[in-house]
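Quick note on labels: first sequence line is chain A, next is B, and so on, each numbered from 1. Only a predicted model underlies this, so the values are computations on that prediction, with no experimental measurement involved.
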2 protein chains.
Amino acid sequence: MCFQVRMTPHETSLTLEKTAETLRAAGLRMTKKRFGIIQALLEANSPLSLQDIQSRAEVHTSLRPDYATVFRTVGAMEKLGLVHKVSLQRSCTYYEISDPRKHYDHLVCRQCGQVVLIDIPCPIGEAEKTIARQYGFRELSHSLEFFGLCSTCP
Amino acid sequence: MCFQVRMTPHETSLTLEKTAETLRAAGLRMTKKRFGIIQALLEANSPLSLQDIQSRAEVHTSLRPDYATVFRTVGAMEKLGLVHKVSLQRSCTYYEISDPRKHYDHLVCRQCGQVVLIDIPCPIGEAEKTIARQYGFRELSHSLEFFGLCSTCP
DNA sequence: ATACATGCAAACATTTTGCTTTGGC
DNA sequence: GCCAAAGCAAAATGTTTGCATGTAT
């Protein structure tokens with residue numbers, strides 16, 4: 001059972017066209033099902049489980065993609081760097097569109113599950129470079145989640 | 001299949017006694033199996049899966065706790081704040097002892113799986129307070145993982 | 001002696017795969 | 001028409017639970 005994620009606004013600057021273009025460039029075909037999946041991801045305000053994506057894709061295209069289709073499509077998109085996993089420390093994995101111009105740090109309420117995207121100047125950017133140098137790692141990325149209790153929860 | 005985690009040194013300052021004390025104070029009984037589980041966690045240099053804990057507990061006590069026992073014991077310890085989950089973005093959950101005096105940020109090689117514990121002054125501490133104020137959240141904690149390619153991987 | 005802890009095995013949830021059919025190009 | 005994508009259903013994996021038995025207190 002996947003926890004239902006509540007949302008907080010966040011505008012999207014990646015377009016359906018651009019994303020589709022990347023997929024095509026990689027030799028993947030654009031289908032109605034994939035359009036729905038991509039739209040679901042583009043319009044999400046917080047990370048989505050595969051089930052979430054499946055339901056929302058249906059809203060967009062009136063076609064419900066099979067769960068395996070969502071799984072494979074999202075997997076392919078992940079390989080292309082178009083989406084990334086987000087760990088909300090729950091029983092299933094969540095995904096989010098990767099817009100290279102943005103940061104994806106989250107603030108999660110331990111009580112109600114609300115997820116807030118913290119799209120502020122990243123406090124990590126500098127540390128990341130230092131760490132890369134210090135430990136000899138390359139191509140660093142990070143995943144940062146804050147957990148706490150939101151103002152409306154006890 | 002749980003990915004095998006390689007390790008990097010990290011001294012432990014929590015003791016078996018102290019941990020056992022906390023468990024007893026919570027009304028839990030100290031058994032040989034639990035000693036092994038706690039020792040496995042205390043001596044780990046990086047996050048352990050439940051299977052890892054099971055195997056290492058056996059090394060310590062010559063008694064192999066059942067997987068369900070490890071599951072329940074670690075779960076109980078988590079509720080008491082003695083351990084916490086670590087998301088290495090793999091198929092299973094990893095756990096780590098929670099020493100309140102330490103930070104638990106990790107650096108993970110995407111290629112070989114090596115996990116390095118970055119036990120340096122936390123780059124987040126300040127941001128955490130700001131975020132708490134700004135979003136009205138309380139009791140914040142965070143989980144920070146860096147992913148990259150280590151010096152020995154292509 | 002009494003509860004709590006354990007082991008065993010089954011139930012569950014989620015992820016992943018194989019294979020046939022459908023549909024984009 | 002060809003080959004990738006989708007659907008269906010089964011397998012695989014990891015997590016969680018129920019219950020009878022063992023054991024710390």
Side-chain angles (χ1 to χ4, degrees), chain A residues 1-5 19-38 40 47-55 57-58 60-80 82-83 85-95, chain B residues 1-5 19-38 40 47-55 57-58 61-80 83 85-95:
Chain A
M1 163 274 312
C2 280
F3 207 119
Q4 179 58 41
V5 170
T19 309
E21 191 44 51
T22 307
L23 284 178
R24 268 191 270 262
L28 300 180
R29 296 173 181 174
M30 278 311 304
T31 63
K32 286 173 193 162
K33 300 283 169 63
R34 283 185 177 171
F35 268 112
I37 291 169
I38 296 169
L48 303 179
S49 68
L50 293 178
Q51 284 209 104
D52 292 336
I53 296 171
Q54 186 180 29
S55 311
E58 186 177 13
H60 287 292
T61 58
S62 304
L63 294 170
R64 184 177 183 80
D66 188 78
Y67 187 88
T69 299
V70 177
F71 172 77
R72 286 190 264 234
T73 298
V74 172
M77 292 179 71
E78 194 188 6
K79 269 195 199 132
L80 294 173
L82 291 172
V83 301
K85 291 181 182 171
V86 177
S87 166
L88 300 181
Q89 309 212 340
R90 297 195 193 139
S91 56
C92 69
T93 304
Y94 290 78
Y95 296 87
Chain B
M1 167 271 313
C2 279
F3 208 120
Q4 179 57 41
V5 169
T19 310
E21 190 44 50
T22 307
L23 284 179
R24 266 192 270 263
L28 299 180
R29 294 175 181 175
M30 279 311 304
T31 63
K32 286 173 192 160
K33 301 282 170 65
R34 284 184 176 169
F35 268 112
I37 291 169
I38 296 169
L48 304 179
S49 67
L50 292 179
Q51 284 208 102
D52 293 335
I53 296 171
Q54 186 180 28
S55 312
E58 185 177 13
T61 56
S62 305
L63 294 171
R64 185 177 184 80
D66 188 78
Y67 187 88
T69 299
V70 177
F71 172 78
R72 287 189 264 231
T73 298
V74 172
M77 291 179 71
E78 194 189 5
K79 271 197 198 129
L80 294 173
V83 302
K85 290 181 182 171
V86 178
S87 166
L88 300 181
Q89 309 212 340
R90 295 197 193 136
S91 56
C92 70
T93 304
Y94 289 78
Y95 295 87

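Pairing each heavy atom of I37(B) with each of V70(B), the nearest pair is CD1-CA, 3.9 Å.
Considering CZ of F71(B) and CD1 of I53(B), their distance stands at 11.5 Å, rounded to 0.5 Å. Atom-to-atom distance recorded for Q54(B):CD and L48(B):CG is 12.5 Å, nearest 0.5 angstrom.
A sub-4.0 Å separation between OP1 or OP2 of dA5(D) and a side-chain N or O of T69(A) is absent. Distances shown here put every side-chain N or O of R34(A) at or beyond 4.0 Å from the OP1 or OP2 atom of dA4(D). Between S91(A) and dT15(C) there is no side-chain polar atom (N or O) within less than 4.0 angstrom of OP1 or OP2. Side-chain N/O atoms of Y67(A) include one lying less than 4.0 angstrom from OP1 or OP2 on dT15(C). When the side-chain nitrogen and oxygen atoms of T93(A) are compared with OP1 and OP2 of dT15(C), one or more of them lie within a distance under 4.0 Å.
At whole-Å resolution of the value, CG in L63(A) and P in dA5(D) are 17 Å apart. Regarding K85(B), its NZ atom lies at a distance of 12 Å from the C1' atom of dG14(D), rounded to whole Å. Look at NZ on K79(A): it is 12 Å from C1' on dT16(C), rounded to the nearest Å. Separating the CD1 atom of I53(B) from the P atom of dT15(D) is a distance of 11 Å, rounded to the nearest angstrom. Between the CG atom of L50(A) and the P atom of dA13(C) there is a distance of 16 Å, rounded to whole Å. As a whole-Å value, the separation of D66(B) CG from dT15(D) P is 14 Å. Protein atom OH of Y94(A) is 15 Å distant from nucleotide atom P of dA13(C), rounded to whole Å. The interatomic distance linking E78(A) (CD) with dT15(C) (P) rounds to 12 Å, in whole Å.
Counting heavy atoms from C-beta on, the side chains of K85(B) and Y95(B) come closer than 4.5 Å.
Where the helix from dA1(C)-dT25(D) to dC25(C)-dG1(D) starts and where it ends, the local axes point in directions that differ by 40°; five pairs per end, rounded to 10°.
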Quiz item: Given M77(A) and I38(A), is the side-chain contact (heavy atoms from CB on, under 4.5 Å) satisfied, shown in steps?
Solution: CA-CA 9 Å; M77(A) 292 179 71; I38(A) 296 169; 4.1 Å; yes
Quiz prompt | Test log, rule side-chain contact (heavy atoms from CB on, under 4.5 Å), inputs L80(A) and L28(A) | solution = CA-CA 11 Å; L80(A) 294 173; L28(A) 300 180; 4.1 Å; yes
Quiz item: Taking it one step at a time, do L50(A) and T93(A) satisfy side-chain contact (heavy atoms from CB on, under 4.5 Å)?
Solution: CA-CA 8 Å; L50(A) 293 178; T93(A) 304; over 6 Å; no
Exercise. Report, as a single string ordered 5' to 3', how protein heavy atoms within less than 4.0 Å touch nucleotides 19-25 of chain C: B base, S sugar-phosphate only, - not at all.
Key: ----BBS
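Considering only the side chain of T73(B), dT6(C) comes nearest among dT6(C), dA9(C), dT15(C).
Side-chain N or O atoms of R34(B) include one that pairs as donor or acceptor with a backbone N or O of R29(B) at under 3.5 Å.
Every residue two or more places apart in sequence or in another chain that forms a side-chain hydrogen bond (donor to acceptor under 3.5 Å, both in side chains) with E58(B) is listed here: R64(B).
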